[in-house]
Amino acid sequence: MTRADRDEWVPVFTVLPMRQFRKPVRIVSGRGGEQTGTGRRWSVPLADRVLLIAVY
């Protein structure tokens with residue numbers, strides 16, 4: 001699995017430098033992206049979920 005903690009892979013898949021990729025991660029985190037409501041916790045880290053959407 002491609003992971004956001006591997007800095008060399010983010011630009012390859014998103015064409016974004018890590019500095020620009022971290023901005024949407026901070027925005028999503030600030031809006032409660034880690035966990036909203038009750039229910040099952042995410043098993044994939046927030047940065048990896050943002051990377052998945054950026055690649056899509």
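A single hydrophobic cluster is seen to contain both V25 and V12, as judged by linkage of ILVMFWY side chains at heavy-atom distances under 4.5 Å, directly or through other members. Linking Ile, Leu, Val, Met, Phe, Trp and Tyr whenever their side-chain heavy atoms come within less than 4.5 Å puts V55 and V10 in one cluster. Linking Ile, Leu, Val, Met, Phe, Trp and Tyr residues whenever their side-chain heavy atoms come within less than 4.5 Å places F13 and M18 in a single cluster.
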For this session: Could you check Q20 against K23 for side-chain contact (heavy atoms from CB on, under 4.5 Å), going step by step and ending with a plain yes or no?
Result: CA-CA 6 Å; Q20 287 182 337; K23 185 175 180 180; 5.9 Å; no
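Here the CG atom belonging to L16 is positioned 9.5 Å from the CG atom belonging to L51, to the nearest 0.5 angstrom.
D7 and R22 are joined by a salt bridge, as a carboxylate oxygen and a charged side-chain nitrogen come within less than 4.0 angstrom of each other.
Checking side-chain atoms of D48 against main-chain N and O of R3 turns up no donor-acceptor pair under 3.5 Å.
In plain terms, the two heavy atoms of V50 and P24 that are nearest each other are CG1-CB, 4.4 Å. Scanning both residues, A47 and F21, for their nearest heavy atoms gives O-CZ, 3.6 Å.
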